[in-house]
Amino acid sequence: MTPTYTAVGRRLAGTVPPAPPQPQDPPIYRDLMRAWADRGRTLPGRHDPEWVRLAAPQVRPGQFSGSPDLPGDGR
């Protein structure tokens, strides 16, 4: 299907071109990713349970109570 354009060059609805194919990773990058995975290292774009654990809040809500401000204590 040939796309149809308006007088100002805008593409009309219903004529969206297909997305271009995603390029393959170079072999050296694939080999590096495989070596990292074999050694248990974190991989870009992959879920990392250790990061999730480290980035989680250390203090649970309600674990500590705030002290009330006393009048004239300089806070």
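Judged as a side chain to side chain contact (heavy atoms under 4.5 Å, CB included), and not counting sequence neighbours, the contacts of E50 are D48, R53, L54.
Between L43 and W36, the shortest heavy-atom contact is CD2-CB, 3.4 Å.
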Inset, instruction - Quick one: do R46 and M33 satisfy side chain to side chain contact (heavy atoms under 4.5 Å, CB included)? Show the steps, please. - result: CA-CA 11 Å; R46 306 277 172 90; M33 294 282 284; 4.3 Å; yes
Atom pairs and distances, side-chain donor-acceptor, residues 18-32, under 3.5 Å, sequence neighbours left out:
| residue | atom | partner | partner atom | Å |
| --- | --- | --- | --- | --- |
| R30 | NH1 | D25 | O | 2.4 |
| D31 | OD1 | R34 | NH1 | 3.1 |

